[in-house]
2 protein chains.
Amino acid sequence: MTDLAARKTPLWQAIASALTEDIAEGRYREGDKLPTEAQLAERFGVNRHTVRAALAQLVDAGLVRTRRGAGAFVTARPTDYPIGRRVRFHRNLLAAGRTPDKRVLTAGEQVSTPYIAERLRIAPDAAVCYYHGLSLADGRPVALFESHFPAQRFPALAEVLRRTASVTAALAEYGVTDYTRAATRLSARAADATQALQLELKEGDPLLFSEGINVDSDGRPVEFGQTWFAGERITLTLGED
Amino acid sequence: MTDLAARKTPLWQAIASALTEDIAEGRYREGDKLPTEAQLAERFGVNRHTVRAALAQLVDAGLVRTRRGAGAFVTARPTDYPIGRRVRFHRNLLAAGRTPDKRVLTAGEQVSTPYIAERLRIAPDAAVCYYHGLSLADGRPVALFESHFPAQRFPALAEVLRRTASVTAALAEYGVTDYTRAATRLSARAADATQALQLELKEGDPLLFSEGINVDSDGRPVEFGQTWFAGERITLTLGED
DNA sequence: CGAAACTAGACAACTAGACATATCCTGCCA
DNA sequence: TGGCAGGATATGTCTAGTTGTCTAGTTTCG
């Protein structure tokens, strides 16, 4: 029931609570697309901008996520208050590669850059295998990662990575059964437009940036990895868990 | 100065500069074929048309040439692209506790908060000594810190801290000659107005936030410290270098 | 009056899908 | 061996629809 008693509360607030109720009662479920702003405007008999004010409140409350050109979607986890739930999901920095779920965005071979070559201790123009993707926890993106491997030592690694979706398993196929983190550097960065899109943040939001080198038991670099964590959504813990 | 807070970059522009950087750094060399529009769309998480807008700019800039049915090929490198924006700030590397110079802002005693008391393993309303200041390197502020100590164990510590300006030296006067880091948690936060002022940043700039507990040789907590690093200005390094 | 709420319209940015057209590759056949 | 047909891919173009942002004007109420 959407009663138009516009006496007391602003229209946009009434619309917001009507939509909230729709979501709470399951008329729109997780991941569902809401009607377009124009349709909602017609349904409630108001201007589109009034609907937008209501939607903005839902976005602010974390109930809904909007994507320009696509629509407004009910957020997968309605109750996601970052405080309280302890994210102990990267037990330490070394585990930057092992996550409950990950999506590989690209993988392939490329000529190295001087910077990467220096880290991997290979020739400046040698080929590297790259591996770029998104880590998720509970279905929500928490980090973007980009790894580089010496292609000469690991031929056709990209394909193996796509197949196994695990760095550890992929390297094991080349006889690298154990590797450890040699150096890690941490800083904070602002998210650019594309990072924000993929991590479901706003441009300029703080990211925890990690850069590290993994070496095999002989001390030779096998991986150079960069990771951008959604700063507010993740906490890295060092030392004891 | 020139840019307003929270200016929005169009996605296609962000993608265009990401690709320009890839070319500038030699990830794609002259004559190389770029990934297909569909692959790039997947990589950046956008629609193909958005990628096309980015590619159109590269074509316009003369960096890339496209051939229908074949792909997009690199024709030249950007002439005036500021290289090294990626990761080129091996400024001062500091370990997680020691800094070249520091300025004490406040120091004193107060009643603990439940959160801090839990970390220090003291009674919820016990007194704590706090110690709040600014770390500098080369005369520039790099971090804000705020430390808490159990006041009962270290009476009049605040005065000692002001005098010695060194946590290690101050604790040594109480017989604590050695302490180690028990746990550290890291995340990224946006600077608020006061933090921005003290760190000479803009409000909303990314900060690297560190929270840690130091324990003595018996494992008893002696310090609970929080540090906010100026994210773009500082790199934390872990492990050997 | 002045602020908040709402309407109205226009344009930019992005998504979605369909279709045309050029190129590449592979297998078949002479 | 060489050539050709055809499928798979890739870019080019078009239409349509949706959200984001801006400016401007109107209404309502304290």
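Per chain, numbering begins at 1; letters A, B, ... match sequence-line order. This one's a predicted model, so the numbers in the text were calculated from it and none came from an experiment.
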Gln198(B): side-chain hydrogen bond (donor to acceptor under 3.5 Å, both in side chains) partners, not counting sequence neighbours:
none
Under a 3.5 Å cutoff, is there a donor and acceptor pairing between the side chains of Gln226(B) and Glu146(B)?
no
Separation of atom CG in Leu34(B) from atom P in dA10(D), rounded to whole Å
13 Å
Taken in chain and number order and not counting sequence neighbours, the residues that satisfy ring pair (Phe, Tyr, Trp, His ring centres under 6.0 Å) with Tyr131(A) are Phe145(A)
Between Glu37(B) (CD) and dT13(D) (P), how many Å, whole number?
11 Å
Polar atom pairs between nucleotides 2-4 of chain C and protein, under 3.5 Å, N or O only, would you list them?
none

With Leu197(A) via side chain to side chain contact (heavy atoms under 4.5 Å, CB included) - residues at least two apart:
Leu11(B), Val46(B)
Partners of Val111(A) by side chain to side chain contact (heavy atoms under 4.5 Å, CB included), sequence neighbours excluded?
Asp125(A), Arg29(B)
Whole-Å distance, Lys202(A) NZ to dT21(D) P, equals 11 Å
Do the side-chain N or O atoms of Arg52(B) get closer than 4.0 angstrom to the phosphate oxygens (OP1, OP2) of dG12(D)?
yes
Using a cut-off of 4.0 Å between protein heavy atoms and nucleotide atoms, how would you tag nucleotides 15-25 of chain C 5' to 3' with B, S and -?
BBBB--BBBS-
Not counting sequence neighbours, which residues clear side chain to side chain contact (heavy atoms under 4.5 Å, CB included) with Gln13(A)? List them please.
Thr9(A), Pro10(A)
Test of understanding: with side-chain hydrogen bond (donor to acceptor under 3.5 Å, both in side chains), list the residues that count as partners of Asp32(A), not counting sequence neighbours.
none
Length of the line joining Leu58(B):CG and dT11(D):P, which is rounded to integer Å
13 Å
Under the rule for side-chain hydrogen bond (donor to acceptor under 3.5 Å, both in side chains), what residues qualify as partners of His49(B), not counting sequence neighbours?
none
